[in-house]
Engineer: 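One structure, pasted below without further comment.
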Amino acid sequence: MVYIKRHLEETIMEMSKLFPAILLTGPRQSGKTTMLKELAAREERPREYVTLDDFNERHMAKNDPALFLQMHEPPVLIDEAQYAPELFPYIKIHIDQHQEPGDFWMTGSQIFPMMQGVQESLAGRVGVLRMSPMSQREITGAENAPFSVDLQRLLGESKKIEPMTMPQVFQRLWRGSMPRIAGEDGFSPERYYPSYLSTYIERDVRELSGAIDALKFMDFITAVAARSGQMVNYNAIAEDADIDLATCKGWLNILETLGIIFMLRPYSNNVLKRTIKTPKLYFYDTGLVCYLTRWSSPEVAMRGAMSGALLENYAVSEIIKGYQNAGKQPFLHYYRDRDAKEIDLLLEEDGKLCPVEIKKTASPDKRLTRVFKVIDKSPLSLGTGAILCMADKFSAIDQDNLIVPIWMI
């Protein structure tokens with residue numbers, strides 16, 4: 001498989017000069033190990049690779065961490081570090097004795113239990129980064145630039161990025177963004193996702209929650225996929241999957257922990273008292289959504305009842321990935337109040353709230369921006385708005401609202 005440059009590479013190398021340890025988290029198969037091995041091959045000093053998927057190595061790391069570090073002297077890349085949190089105190093001792101930047105690179109998939117050990121043992125000594133499935137910009141070879149509603153920057157980028165038609169966008173959306181299938185010569189989704197679900201996701205869910213009914217879990221994750229881009233409805237998901245409410249909430253938390261889904265929190269403050277409190281649910285990989293909801297081709301997905309929700313999920317996840325790849329925290333929300341006024345995305349930057357609507361249309365109407373005025377009640381001022389849509393070029397509705405093609409994000 002041809003290696004595709006990841007935007008997180010530069011951030012990893014910069015932080016490796018500052019921190020003795022780097023921890024890269026994210027879902028399985030997202031390319032963490034492949035990227036770090038690629039970076040290690042470029043280093044001047046040789047870096048050993050060891051994976052705790054190897055039961056002998058895992059046993060040593062858990063039962064004799066001191067011997068493990070003698071056998072695998074830094075600089076070292078420790079894959080699947082979550083399997084041996086017993087290592088972290090010994091890594092701390094080594095770091096305190098040697099103070100050598102970049103000695104330890106670690107990866108992990110099961111974020112929550114591992115993060116507890118990191119926070120307790122390596123606080124202040126480890127740089128933590130998150131990797132998601134590939135972004136549109138990585139796949140197409142464009143430069144990484146976290147999304148911003150900035151006229152001059154967007155104008156410049158519009159001249160560099162190759163435009164995409166709606167069928168091309170849905171082709172990308174349908175294929176998904178997992179490295180094994182993101183390239184045109186990769187696995188087909190029909191071949192990849194069944195194995196991915198059974199081999200990785202179900203296994204990780206079992207390790208985090210104990211025994212599960214595989215059939216009910218498939219019904220559950222399918223019900224979740226059918227509601228991507230919607231406010232979370234625990235009761236409806238539980239009913240579709242024939243599970244109780246507690247199990248539904250637990251499994252959703254696990255999917256979020258594993259980096260399969262993320263929640264977009266609603267924007268609210270003391271002034272906006274009529275806002276809804278329920279988060280919206282999105283998948284990092286729209287290809288998985290399409291597979292689970294049985295859209296057999298990009299063309300069918302583009303014409304189907306979920307096309308708008310799929311496009312919204314795609315746009316929001318691409319924006320999130322852009323920030324993660326730059327090692328930045330995105331300040332993103334959505335807005336909905338009890339009067340059913342809704343804004344798909346609110347981007348907080350430089351003391352302003354920039355409202356963003358996501359639409360499948362190629363010719364957005366100015367009336368779409370009327371709802372942006374609800375932000376006037378917020379303590380933060382209203383920033384430049386944007387309609388993310390299927391337009392064939394970057395333009396503007398007026399001086400305060402831009403038309404941004406989705407292929408630009």
Engineer: side-chain hydrogen bond (donor to acceptor under 3.5 Å, both in side chains) between Ser16 and Trp105: does it pass, once the steps are laid out?
Structural biologist: CA-CA 8 Å; Ser16 196; Trp105 288 358; 3.0 Å; yes
Engineer: How close do Leu52 and Ala81 get, heavy atom to heavy atom, and via which atoms?
Structural biologist: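 Result for this residue pair: CD1-CA, 4.0 Å.
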Engineer: Can a cation-pi geometry be assigned to Lys328 and Tyr323, taking NZ or CZ under 6.0 Å from the six-membered ring centre and within 45° of the ring axis?
Structural biologist: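 Not satisfied by the 6.0 Å and 45° rule.
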Engineer: Hey, are the side chains of Val224 and Leu252 touching, using non-hydrogen atoms and a 4.5 Å cut-off?
Structural biologist: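 Of all side-chain heavy-atom pairs linking Leu252 with Val224, at least one is under 4.5 Å.
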Engineer: With ring centroids as reference points, do His59 and Phe55 lie under 6.0 angstrom apart?
Structural biologist: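 Ring-ring flag for His59/Phe55: false, centres at least 6.0 Å apart.
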Engineer: For the side chain of Thr286 and the backbone of Leu173, is there at least one donor-acceptor N/O pair under 3.5 Å apart?
Structural biologist: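 Pair found, side chain donor or acceptor close to backbone of Leu173.
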Engineer: Can you list everything that forms a side chain to side chain contact (heavy atoms under 4.5 Å, CB included) with Arg42? Sequence neighbours excluded, please.
Structural biologist: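 In terms of side chain to side chain contact (heavy atoms under 4.5 Å, CB included), with neighbours along the sequence ignored, Arg42 is linked to Tyr3, Glu9, Glu38, Leu39.
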Engineer: Using only atom types and a distance under 3.5 Å, with no angle test, would you say the side chain of Thr222 pairs donor to acceptor with the backbone of Met218?
Structural biologist: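 Yes; judged by distance alone, with no hydrogens or angles, the pair exists.
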Engineer: Testing the 3.5 Å rule here: is there a donor-acceptor pair between the side chains of Tyr282 and Glu312?
Structural biologist: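 Judged by distance alone, the side chains do pair up.
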Engineer: For a 4.5 angstrom cut-off between non-hydrogen side-chain atoms, does Arg227 reach Ile237?
Structural biologist: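 Touching, per the 4.5 Å side-chain cut-off.
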Engineer: Name all residues meeting the side chain to side chain contact (heavy atoms under 4.5 Å, CB included) criterion together with Thr199; count only those two or more places apart in sequence or in a different chain, and write none if there are none.
Structural biologist: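 Only Ser195 meet the side chain to side chain contact (heavy atoms under 4.5 Å, CB included) criterion with Thr199.
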Engineer: Please round to the nearest 0.5 Å and tell me the distance separating atom NE2 of His333 and atom NZ of Lys280.
Structural biologist: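 Reported to 0.5 Å precision, the distance equals 14.0 Å.
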Engineer: Evaluate the side-chain proximity of Leu8 to Thr11: yes if any heavy-atom separation is below 4.5 Å, no if none is.
Structural biologist: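 Counting from C-beta outward, Thr11 and Leu8 do come under 4.5 Å.
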Engineer: Which residue pairs pass the salt bridge (charged side-chain N to carboxylate O under 4.0 Å, His left out) test when at least one of the two sits in residues 133-150, sequence neighbours left out?
Structural biologist: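 Sorted pair list: Arg6-Glu138, Arg137-Glu157.
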Engineer: Can you list the residues that meet the side chain to side chain contact (heavy atoms under 4.5 Å, CB included) rule with Thr51, with sequence neighbours excluded?
Structural biologist: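 Only Tyr49, Asp53, Asp54, Asp79, Glu80 meet the side chain to side chain contact (heavy atoms under 4.5 Å, CB included) criterion with Thr51.
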Engineer: Set out, in order, the CA-CA distance, both residues' side-chain angles and the distance that settles salt bridge (Lys or Arg N to Asp or Glu O under 4.0 Å) for Asp365 and Arg367, then state yes or no.
Structural biologist: CA-CA 5 Å; Asp365 192 293; Arg367 287 174 291 184; 3.1 Å; yes
Engineer: Mind listing the closest non-hydrogen atom pair of Thr247 and Ile243 along with its distance?
Structural biologist: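 So the two residues come closest at CG2-CD1, 4.1 Å.
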Engineer: Okay, side chain of Glu318, backbone of Gln136: is any donor-acceptor separation there less than 3.5 Å?
Structural biologist: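 Yes; judged by distance alone, with no hydrogens or angles, the pair exists.
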Engineer: Checking salt bridge (Lys or Arg N to Asp or Glu O under 4.0 Å) between Asp103 and each of Arg47, Arg125, Arg45, which is the one that passes?
Structural biologist: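 Testing each of Arg47, Arg125, Arg45 against Asp103, the sole residue satisfying salt bridge (Lys or Arg N to Asp or Glu O under 4.0 Å) is Arg45.
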Engineer: Name all residues meeting the side chain to side chain donor-acceptor pair (under 3.5 Å) criterion together with Asp219; count only those two or more places apart in sequence or in a different chain, and write none if there are none.
Structural biologist: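 Residues passing side chain to side chain donor-acceptor pair (under 3.5 Å) with Asp219: none at all.
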Engineer: Got a sec, which residues hit side chain to side chain donor-acceptor pair (under 3.5 Å) with Gln29, two or more places apart in sequence or on another chain?
Structural biologist: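 Checked Gln29 against side chain to side chain donor-acceptor pair (under 3.5 Å); matches are Tyr192, Tyr200.
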Engineer: Would you find a donor on one side and an acceptor on the other, under 3.5 Å apart, between the side chain of Lys32 and the backbone of Pro27?
Structural biologist: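 Confirmed, Lys32 side chain pairs with Pro27 backbone.
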Engineer: So how far is it from Leu346 CG to Cys354 SG, rounded to the nearest 0.5 Å?
Structural biologist: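 Answer for the CG-SG pair, Leu346 versus Cys354, is 9.0 Å.
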Engineer: Is a side-chain N or O of Ser307 found less than 3.5 angstrom from the main chain of Arg303, in a donor-acceptor match?
Structural biologist: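 No, the answer is negative, given that no donor and acceptor are paired below the 3.5 Å cut-off.
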Engineer: Classify the ring geometry of Tyr284 against Phe262: parallel below 30°, tilted from 30° to 60°, perpendicular beyond 60°.
Structural biologist: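 Rings of Tyr284 and Phe262: tilted, as their planes differ by 30° to 60°.
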Engineer: With sequence neighbours excluded, what pairs up with Phe283 under the ring pair (Phe, Tyr, Trp, His ring centres under 6.0 Å) test?
Structural biologist: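 Phe283 satisfies ring pair (Phe, Tyr, Trp, His ring centres under 6.0 Å) with no other residue.
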Engineer: Identify, with sequence neighbours excluded, every residue that meets salt bridge (charged side-chain N to carboxylate O under 4.0 Å, His left out) alongside Lys341.
Structural biologist: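 Lys341 satisfies salt bridge (charged side-chain N to carboxylate O under 4.0 Å, His left out) with no residue once adjacent residues are dropped.
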Engineer: Kindly write out the residues that satisfy side chain to side chain donor-acceptor pair (under 3.5 Å) with Arg58, not counting sequence neighbours, or none if the list is empty.
Structural biologist: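 Arg58 satisfies side chain to side chain donor-acceptor pair (under 3.5 Å) with no residue once adjacent residues are dropped.
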Engineer: Could you go through Glu349 and Ser148, starting from their C-alpha distance and side-chain angles, then the distance that decides it, and tell me whether this counts as side-chain hydrogen bond (donor to acceptor under 3.5 Å, both in side chains)?
Structural biologist: CA-CA 8 Å; Glu349 56 181 9; Ser148 173; 3.2 Å; yes
Engineer: Considering only residues two or more places apart or on different chains, which pairs with a residue in residues 379-395 satisfy side-chain hydrogen bond (donor to acceptor under 3.5 Å, both in side chains)?
Structural biologist: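 Listed by first then second residue: nothing to list.
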Engineer: Would you say the side chain of Leu69 lies within less than 4.5 Å of the side chain of Glu73, judging by non-hydrogen atoms?
Structural biologist: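 They are not in side-chain contact.
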Engineer: Measure the spacing between NZ of Lys159 and CG of Leu155 and express it to the nearest 0.5 Å.
Structural biologist: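 Those atoms lie 4.5 Å apart.
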Engineer: Is there a donor-acceptor contact under 3.5 Å from the side chain of Gln168 to the main chain of Thr165?
Structural biologist: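 A pair under 3.5 Å: yes.
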Engineer: Quick check: are there more than 12 heavy atoms from other residues, nucleotides or ligands sitting under 6.0 Å from CE of Met71?
Structural biologist: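 No, CE of Met71 has 12 or fewer neighbouring heavy atoms, counting only those of other groups under 6.0 Å.
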Engineer: Search all heavy atoms of Met408 against all heavy atoms of Phe394 and return the closest pair with its distance.
Structural biologist: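 In this case the closest contact between Met408 and Phe394 is SD-CB, 3.7 Å.
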Engineer: Could you walk me through whether Glu190 and Tyr291 pass side-chain hydrogen bond (donor to acceptor under 3.5 Å, both in side chains), step by step?
Structural biologist: CA-CA 7 Å; Glu190 297 92 337; Tyr291 172 78; over 6 Å; no
Engineer: Closest approach of Phe170 and Pro298, non-hydrogen atoms and distance?
Structural biologist: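 Smallest heavy-atom distance, with atoms named: O-CB, 3.7 Å.
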Engineer: Is the backbone of Ile358 close enough, under 3.5 Å, to the side chain of Asp344 for a donor and an acceptor to pair up by distance?
Structural biologist: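 Here the side-chain-to-backbone pair exists.
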Engineer: Among Asn233, Val232, Leu255, exactly one meets side chain to side chain contact (heavy atoms under 4.5 Å, CB included) together with Leu281. Which residue is that?
Structural biologist: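 Filter result, single survivor: Val232.
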Engineer: How long is the straight-line distance from CG of Leu353 back to CZ of Phe331, given to the nearest 0.5 Å?
Structural biologist: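 Rounded to the nearest 0.5 Å, the CZ-CG separation comes out at 12.0 Å.
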Engineer: Which residues pass the side chain to side chain contact (heavy atoms under 4.5 Å, CB included) test with Glu10, sequence neighbours left out?
Structural biologist: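 With sequence neighbours excluded, Glu10 shows a side chain to side chain contact (heavy atoms under 4.5 Å, CB included) to Lys5, given in chain and number order.
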Engineer: Might you confirm whether atom CZ of Arg265 has over 12 heavy atoms from other residues, nucleotides or ligands at distances under 6.0 Å?
Structural biologist: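 Yes, because the 6.0 Å sphere around CZ of Arg265 holds more than 12 heavy atoms from other groups.
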Engineer: Any donor-acceptor pair under 3.5 Å linking the side-chain atoms of Glu57 with those of His72?
Structural biologist: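 Distance-only check passes for His72 and Glu57.
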Engineer: Please, which pairs that meet side-chain hydrogen bond (donor to acceptor under 3.5 Å, both in side chains) have at least one residue in residues 397-409, sequence neighbours excluded?
Structural biologist: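 Passing the test, one end in residues 397-409: Asp398-Asn401.
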Engineer: Mark yes when over 12 heavy atoms from residues, nucleotides or ligands other than Lys352 sit less than 6.0 Å from its NZ; otherwise mark no.
Structural biologist: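 Count not over threshold, so no.
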Engineer: Are Asp285 and Tyr193 linked by a side-chain donor-acceptor pair shorter than 3.5 Å?
Structural biologist: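 Present: a donor and an acceptor within the cut-off.
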Engineer: Are the side chains of Thr361 and Ile387 in contact, using a 4.5 Å heavy-atom criterion?
Structural biologist: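 Side chain of Ile387 against side chain of Thr361, heavy atoms only: no contact under 4.5 Å found.
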Engineer: Search all heavy atoms of Arg175 against all heavy atoms of Ala182 and return the closest pair with its distance.
Structural biologist: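 Scanning both residues, the minimum pair turns out to be NE-O, 4.3 Å.
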Engineer: Look at the side chain of Thr107 and the backbone N and O of Leu23, then say whether any donor-acceptor pair between them is shorter than 3.5 Å.
Structural biologist: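 Not at all, since once roles are kept as given, no pair shorter than 3.5 Å links the two residues.
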Engineer: For the side chain of Thr34 and the backbone of Gly31, is there at least one donor-acceptor N/O pair under 3.5 Å apart?
Structural biologist: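 It does not hold such a pair.
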Engineer: Might you point out which heavy atoms bring Val128 and Met15 nearest each other, and give the distance in Å?
Structural biologist: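 Taking Val128 first and Met15 second, the nearest heavy atoms are N-CE, 4.2 Å.
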Engineer: For Asn253 and Lys249, indicate whether the former's side chain and the latter's backbone hold a donor-acceptor pair under 3.5 Å.
Structural biologist: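 Checking the backbone N and O of Lys249 against the side chain of Asn253, a donor-acceptor pair under 3.5 Å is found.
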